[in-house]
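This report concerns only the one structure given below.
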Amino acid sequence: MKLMLVGYGNVGKAFRKLLHEKKVKELENVKIAGIVTTRGLMLKDQEEFVPDKKINALEALDEVQPDVVVDMASANYNTGEPSLSLYLSALKRGIHVITTNKAPLALKYKEIINTAISHGSKIFFQATVMSGTPSINLYRILPAMKVRKIRGILNGTTNYILTRMSQGLSFNEALKEAQELGYAERDPTLDINGFDAAGKITILSNVYFSRYISINDVKFEGIGNIEIGDALKRGNKIKLIAYADEKETYVKPMEITKEDFLYNVDGVNNALEIESDIQKITIVGPGAGPLNAAYGAFSDLILLLRGENLPGL
């Protein structure tokens, strides 16, 4: 099986390392046939990226002719491009797709999934939500369970800021610290305004409820103007909560009590609570980091090789 990696930053390098170091039976006949970035295409499997041809990812499909595209490129929330066109082209050719990139699925989930179904190809995207913590892949092992609602903390940057604010820091102090520690980007707008969490809950809504919505259908609020003093006086905390059920999906700061499972989910951790007709399931884990995201894609590759697919696809 031939892989074409798209994007070769920290996540791409971590994925390649996992592929070489993890001795998994299914990987015996898997090889990286090409790595493509904005600098061009490298037709070798080596740690140092040295492009052989100055072509883009879509053009590289013809050159590499992969069985699987693994997209670890940066997200473009305006159009989803160039990854969106790459997915559609690959899926139409029967080439499977594994992605850590939220944008195409948050914008065009229905089109992507329907393309995969109609052409007998598969798309895997665990790393788009909670990275290597199995928020999406968990759904594969819940047969016949009727999920009623999901809620969680899906953005580590805002959770870290709110955690530090509850410990006495101001918003600006907590943000600066998060940036210094590498938890927040230099421009943290997409985290602070709730957009990143909205993209993730959009994807989860589509998986768990088959709603086929886009991020444009989600109401979201951020934490930029948050005040937590009154909540702390009551012994409560403010968390940025992402919520979805069969009818609505939203992201907003909410006051929660000590009895709430999410109360003790602090720092950069993410968490998801799934309430069904059978039981309530809760998972906690890191929602970001190069190795975590790489493992999400790596686990998808193993599932693909084992013949798995999302239920209903």
Report summary line: Residue set satisfying side chain to side chain contact (heavy atoms under 4.5 Å, CB included) with Gln167, at least two apart, ordered chain then number -> Thr163, Arg164
Would you say [X] and [Y] are hydrophobically clustered, going by side-chain heavy atoms of ILVMFWY under 4.5 Å?
| X | Y | value |
| --- | --- | --- |
| Phe298 | Val97 | no |
| Ile117 | Ile123 | yes |
| Ile98 | Phe125 | no |
| Val36 | Ile32 | no |

Sub-4.5 Å side-chain heavy-atom contact between [X] and [Y]:
| X | Y | result |
| --- | --- | --- |
| Leu61 | Pro66 | yes |
| Met1 | Val68 | yes |
| Leu84 | Asn76 | no |

Can you sort out the partners of [X] under side-chain hydrogen bond (donor to acceptor under 3.5 Å, both in side chains), two or more places apart, ordered by chain and number?
| X | value |
| --- | --- |
| Glu173 | Ser170 |
| Lys258 | none |
| Ser85 | Glu81 |
| Asn172 | none |

Looking at [atom1] of [X] and [atom2] of [Y], how far apart are the two atoms once the value is rounded to the nearest 0.5 Å?
| X | Y | atom1 | atom2 | value |
| --- | --- | --- | --- | --- |
| Glu59 | Leu86 | CD | CG | 11.5 Å |
| Tyr8 | Ile35 | OH | CD1 | 4.5 Å |
| Ile278 | Ile281 | CD1 | CD1 | 9.5 Å |
| Asn193 | Thr158 | CG | OG1 | 10.0 Å |
| Thr115 | Lys110 | OG1 | NZ | 11.5 Å |
| Leu305 | Lys25 | CG | NZ | 12.5 Å |

Would you indicate whether [X], at its atom [atom1], is surrounded by more than 12 heavy atoms from other residues, nucleotides or ligands within a distance under 6.0 Å?
| X | atom1 | answer |
| --- | --- | --- |
| Glu180 | CD | yes |
| Lys2 | NZ | yes |
| Gln46 | CD | yes |
| Lys44 | NZ | yes |
| Glu248 | CD | yes |
| Asp52 | CG | yes |

**Report entry** Intermediate values then yes/no, side-chain contact (heavy atoms from CB on, under 4.5 Å), Leu301 and Phe15
**Finding:** CA-CA 11 Å; Leu301 177 60; Phe15 177 85; 4.2 Å; yes
Expected output: side-chain [X] to main-chain [Y] donor-acceptor under 3.5 Å:
| X | Y | value |
| --- | --- | --- |
| Asp300 | Gln126 | yes |
| Glu21 | Leu18 | no |
| Lys149 | Ala244 | no |
| Glu275 | Lys280 | no |
| Glu47 | Lys13 | no |
| Ser121 | Leu91 | yes |
| Lys122 | Glu308 | yes |
| Asn155 | Ala197 | no |
| Ser299 | Gly296 | yes |
| Asn159 | Val268 | no |

**Report entry** With Phe195 via ring pair (Phe, Tyr, Trp, His ring centres under 6.0 Å) - residues at least two apart
**Finding:** Tyr77, Phe220
Query - Sole residue of Leu19, Val69, Val64 in side chain to side chain contact (heavy atoms under 4.5 Å, CB included) with Leu3 - result: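 With Leu3 as partner, side chain to side chain contact (heavy atoms under 4.5 Å, CB included) holds for just one option, Leu19.
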Query raised in the report: Would you say the side chains of Glu177 and Tyr183 form a donor-acceptor pair under 3.5 Å?
Result: no
**Report entry** Thr257 and Asn236: side chain donor to acceptor below 3.5 Å
**Finding:**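 Per modelled atom types, Thr257 and Asn236 side chains form no pair under 3.5 Å.
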Report task. List the steps and the verdict of side-chain contact (heavy atoms from CB on, under 4.5 Å) for Asn292 and Thr133. Result -> CA-CA 8 Å; Asn292 307 96; Thr133 306; over 6 Å; no
Using salt bridge (Lys or Arg N to Asp or Glu O under 4.0 Å) as the criterion, list what pairs up with [X], not counting sequence neighbours.
| X | answer |
| --- | --- |
| Arg39 | none |
| Asp45 | Arg16 |
| Glu63 | Lys53 |
| Asp266 | Lys237, Lys239 |

**Report entry** side-chain contact (heavy atoms from CB on, under 4.5 Å) assessment of Thr282 paired with Leu272
**Finding:** CA-CA 6 Å; Thr282 55; Leu272 187 66; over 6 Å; no
Can [X] and [Y] be counted as an ion pair, charged N to O under 4.0 angstrom?
| X | Y | answer |
| --- | --- | --- |
| Arg93 | Asp62 | yes |
| Asp260 | Arg151 | yes |
| Arg234 | Asp230 | no |

**Report entry** Co-members of the apolar cluster containing Val265 [side chain, <4.5 Å]
**Finding:** Ile153, Ile241, Tyr243, Tyr250, Met254, Ile256, Phe261, Leu262, Tyr263, Val284
Query raised in the report: Going through the distances and angles, do Met145 and Ser276 end up as a side-chain contact (heavy atoms from CB on, under 4.5 Å)?
Result: CA-CA 7 Å; Met145 185 178 284; Ser276 76; 3.2 Å; yes
Tell me which donor-acceptor pairs under 3.5 Å the side chains of residues 203-210 have, and how far apart each pair is, sequence neighbours excluded?
| unit_1 | atom_1 | unit_2 | atom_2 | d |
| --- | --- | --- | --- | --- |
| Ser205 | OG | Ile201 | O | 2.7 |
| Ser205 | OG | Thr249 | OG1 | 3.1 |
| Asn206 | OD1 | Tyr212 | N | 2.8 |
| Asn206 | OD1 | Ile213 | N | 2.7 |
| Asn206 | ND2 | Thr202 | O | 3.2 |
| Asn206 | ND2 | Ile213 | O | 3.0 |
| Tyr208 | OH | Ser135 | O | 2.6 |

